[in-house]
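Below is one structure; the comments refer to it alone.
Just so you know, these numbers use all the heavy atoms, side chains as well, and skip hydrogens, waters and symmetry mates.
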Amino acid sequence: LFASAEPLKPATPAARAYLAAWDRGDYTAMAARVEKPPADFAARHQQQTGSLNVSSSKHTLGPLQAVDGQATASFTATLELAGLGTWSYEGSLRLHRSENVWRVEWTPATIHPQLTSRLSFHRTRTRQPRASILAADGTVLADTKGAKLPSSEVGGHLVGRIGLVTADLLKQLGPSYAAGDIVGLTGLEQAQERQLAGTPSGDVTLVSEDGKAAAVLDHIGGTAPKTVQTSLDPRVQRAAESALGPNGQPAALVAIKPSTGEILAVVNRPIGGFGRALAGKYPPGSTFKVLTAAALLEKGMKGADSVTCPSTITVGGRKFSNFEGETAAGLTFRKAFAISCNTAFIGMATSKLKGSDLLASAALFGFNSAPSIGMPAYGGSVPDPNGIVELAATAIGQAKVQVSPMQMASVAAAVASGTWRPPTLVAGSAASIGPRALPEPVVTGLREFMAAVVQGGTGTAAALPGAPVSGKTGTAEFGTSNPPPTHAWFIGFRGDLAFAVLVEGGGVGGRVAAPLARSFLSRL
């Protein structure tokens with residue numbers, strides 16, 4: 001009896017192992033599977049990865065044919081070219097069997113079918129100039145280099161700035177970016193980076209020893225930068241910036257067009273600081289009484305209904321008081337709103353409303369949904385009150401209620417137009433929710449109430465001759481000090497213009513924020 005011959009080993013495992021080593025960049029392991037590898041084996045591969053700036057590669061084995069100890073295996077190479085994109089091509093391995101071991105018959109064409117010993121890889125990369133950021137009227141807020149133009153230097157903090165890409169941004173932006181690129185670092189320049197910058201284009205080529213192009217292997221087409229159109233109104237923006245000024249306590253002002261929801265102005269003080277106007281989270285204080293009043297009006301209450309306004313009220317064992325301990329007798333619902341009586345609103349809310357009623361009112365004004373305006377922004381959050389004490393605190397804009405100035409400007413805009421509309425800033429940004437019409441009794445009642453605030457309530461400092469101003473003051477407690485400090489708020493509208501003013505730690509809304517609102521409106 002004779003021993004049977006050793007079974008022939010298939011070529012596929014050898015081809016697959018070679019390609020896997022290639023993916024790892026393990027040229028030693030690759031060379032071990034090559035029949036007589038040249039001295040510059042590793043260098044030839046490194047020339048490809050280095051000149052093309054390959055950040056990762058994947059070589060996928062395709063069909064393999066083997067006849068009489070010879071085999072040809074096709075593969076697909078997919079290379080990520082840092083700062084440019086993905087390049088794929090088809091190649092092949094030739095193998096032969098010697099002593100039942102399959103080895104690669106290597107030539108430069110094994111790396112790429114058109115590569116020879118006298119050619120090497122090269123790539124080009126081109127980025128087009130950045131596109132412009134425009135105001136609603138076409139005013140250029142940032143030129144193609146990202147620099148604010150002296151003739152239209154408004155909203156600079158919102159437009160943002162550009163500069164060399166950072167290591168962190170490189171990770172976030174992905175493979176079409178490379179070290180040395182100029183990118184948006186803040187504001188709209190950063191938020192709209194991909195639209196403003198587009199993507200680069202380039203060629204993958206083979207060049208001869210004298211540097212002349214011998215073959216274009218592929219063209220990676222980029223995308224053209226596109227202009228970013230905003231809803232900012234330069235006239236309104238300038239008025240807002242002038243009203244707040246560059247100095248003073250941190251503050252914000254947002255103006256919205258009620259008939260459309262378009263954001264007309266955004267101002268943060270200090271300029272260049274935290275974007276509190278759009279992304280800040282604050283207790284709204286008594287400006288939230290707009291929503292509480294809306295819930296009460298939906299329950300059938302009328303502006304002329306009698307209410308009580310004691311200096312304090314105890315709910316669930318917790319004592320609530322009016323801001324300065326004031327009391328008033330013989331009040332109507334309308335007057336309680338105008339003078340911002342905390343105890344009246346707590347009494348009405350705890351006797352007539354449930355937590356679900358406040359949540360429904362909040363939903364009517366777009367709370368508890370994510371805004372989509374074309375850059376990072378925060379709306380407002382009204383958690384379901386946990387018990388009667390939280391219900392009482394929520395009714396006056398405390399407890400766990402949080403809002404941004406943008407959100408409260410949209411609340412004022414909803415009363416002005418009769419419909420809450422999601423705020424918009426950048427054209428084409430899709431809102432997560434649509435417009436919400438307010439019930440007619442709510443619209444009528446709130447317009448009456450907010451007019452009374454400025455005519456003879458806590459917001460008289462916002463009054464101006466001519467077209468009437470309507471609004472609501474807010475003095476929102478925060479922190480753990482005793483007594484706690486307060487943010488100063490004023491929200492309001494005049495014609496087809498709504499706004500919110502916030503001064504962090506500013507004190508009393510009617511004394512601090514309302515005069516700023518008047519200053520803003522007087523400049524229009």
Side-chain angles (χ1 to χ4, degrees), residues 15 18-25 27 30 34 37-64 72-95 104-131 144 165 170 173-183 193-226:
Y18 182 86
L19 295 179
W22 198 352
D23 288 343
R24 299 192 305 271
Y27 304 126
M30 292 171 68
V34 172
D40 64 349
F41 178 82
R44 294 295 305 200
H45 289 81
Q46 289 165 344
Q47 194 279 321
Q48 183 194 48
T49 58
S51 294
L52 299 183
N53 201 0
V54 177
S55 58
S56 66
S57 63
K58 179 66 178 175
H59 297 80
T60 304
L61 183 65
L64 183 147
T72 301
S74 64
F75 66 85
T76 301
T78 304
L79 279 55
E80 292 297 331
L81 310 185
L84 189 55
T86 303
W87 175 45
S88 294
Y89 64 89
E90 302 298 320
S92 64
L93 299 177
R94 295 185 63 187
L95 304 96
V104 175
E105 295 179 353
W106 190 90
T107 69
T110 307
I111 298 178
H112 186 279
Q114 291 178 250
L115 183 66
T116 70
S117 60
R118 295 182 177 275
L119 298 177
S120 58
F121 289 97
H122 180 71
R123 81 171 198 176
T124 61
R125 179 176 184 264
T126 303
R127 269 196 180 278
Q128 297 182 45
R130 291 176 75 82
T144 55
V165 66
L170 266 181
L173 291 171
S176 66
Y177 286 80
D181 281 351
I182 299 296
V183 300
E193 165 63 27
R194 297 186 188 282
Q195 180 168 330
L196 290 166
T199 58
S201 60
D203 290 330
V204 178
T205 64
L206 291 174
V207 298
S208 59
E209 292 171 325
D210 59 4
K212 294 182 179 179
V216 176
L217 302 181
D218 198 8
H219 174 74
I220 297 176
T223 56
K226 294 181 181 178

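Legend: residues meeting ring pair (Phe, Tyr, Trp, His ring centres under 6.0 Å) with H122, ordered by chain and number and at least two apart, are absent. Under the rule for a side chain to side chain donor-acceptor pair (under 3.5 Å), T72 has no partner lying at least two apart in sequence or in another chain. Evaluation of the side chain to side chain contact (heavy atoms under 4.5 Å, CB included) rule for E90 yields T76 as partners, not counting sequence neighbours. Residues that satisfy the ring pair (Phe, Tyr, Trp, His ring centres under 6.0 Å) test with Y27, not counting sequence neighbours, are H45. With sequence neighbours excluded, the residues that form a side chain to side chain contact (heavy atoms under 4.5 Å, CB included) with E193 are R130, L173, Y177, V183, A197. Q128 is linked by a side chain to side chain donor-acceptor pair (under 3.5 Å) to nothing, counting only residues two or more places apart in sequence or in another chain. Checked against side chain to side chain contact (heavy atoms under 4.5 Å, CB included), A82 has the following partners two or more places apart in sequence or in another chain: N53, S55. With sequence neighbours left out, the salt bridge (Lys or Arg N to Asp or Glu O under 4.0 Å) criterion links R44 to no other residue. Contacts of S92 classified as side chain to side chain donor-acceptor pair (under 3.5 Å), with partners at least two apart in sequence or in another chain: none. Under the side chain to side chain donor-acceptor pair (under 3.5 Å) criterion, R125 pairs with D181, not counting sequence neighbours. In this structure, the side chain to side chain contact (heavy atoms under 4.5 Å, CB included) partners of R118, at least two apart in sequence or on a different chain, are T116, E209.
Smallest separation of non-hydrogen atoms from S201 and G222: CB-N, 3.4 Å. The shortest non-hydrogen separation linking G83 to A178 is CA-CB, 3.8 Å. Annotation for R127 and G198: closest pair NH1-O, 3.2 Å, computed over non-hydrogen atoms. Considering all non-hydrogen atoms of both residues, A15 and L61 come closest at CB-CD1, 4.0 Å. Scanning all heavy atoms of the two residues, the minimum distance from A73 to L64 falls at CB-CD1, 3.5 Å. When all heavy atoms of S88 and T78 are compared, the closest pair comes out as OG-OG1, 3.3 Å.
Between S57 and L79 there is a side-chain heavy-atom pair separated by less than 4.5 Å. Counting heavy atoms from C-beta outward, P225 and P129 have side chains that stay 4.5 Å or more apart.
Between the CD atom of Q48 and the CG atom of L115 there is a distance of 8.0 Å, given to the nearest 0.5 Å. Rounded to the nearest 0.5 Å, atoms CD1 (I111) and OG (S120) are 11.0 Å apart. The line from CG of L95 to CD of E105 is 7.5 Å long, rounded to the nearest 0.5 Å. Expressed to the nearest 0.5 Å, how far OG of S208 lies from CG of L119 amounts to 7.0 Å. How far OG1 of T110 is from CG of L93: 6.5 Å, rounded to the nearest 0.5 Å. Distance OG1/T126 to CD1/I220: 11.5 Å, rounded to 0.5 Å.
Screening residues 50-60 for salt bridge (Lys or Arg N to Asp or Glu O under 4.0 Å), with sequence neighbours left out, gives D23-K58.
With hydrogens and angles ignored, the 3.5 Å screen pairs a side-chain donor or acceptor of T199 with a backbone N or O of T223. Between the T205 side chain and the V207 main chain, no donor and acceptor come within less than 3.5 Å of each other.
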- Task: May I have the step-by-step check of side-chain contact (heavy atoms from CB on, under 4.5 Å) for L52 and V204, ending in yes or no?
- Result: CA-CA 8 Å; L52 299 183; V204 178; 4.0 Å; yes
- Task: Begin with the C-alpha distance, continue with both residues' side-chain angles, and end with the deciding distance and a verdict on side-chain contact (heavy atoms from CB on, under 4.5 Å) for F121 and L206.
- Result: CA-CA 5 Å; F121 289 97; L206 291 174; 3.7 Å; yes
- Message: Set out, in order, the CA-CA distance, both residues' side-chain angles and the distance that settles side-chain contact (heavy atoms from CB on, under 4.5 Å) for H59 and Y18, then state yes or no.
- Response: CA-CA 10 Å; H59 297 80; Y18 182 86; over 6 Å; no
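Under the 30°/60° scheme for interplanar angles, the aromatic rings of W87 and Y89 are found to be tilted.
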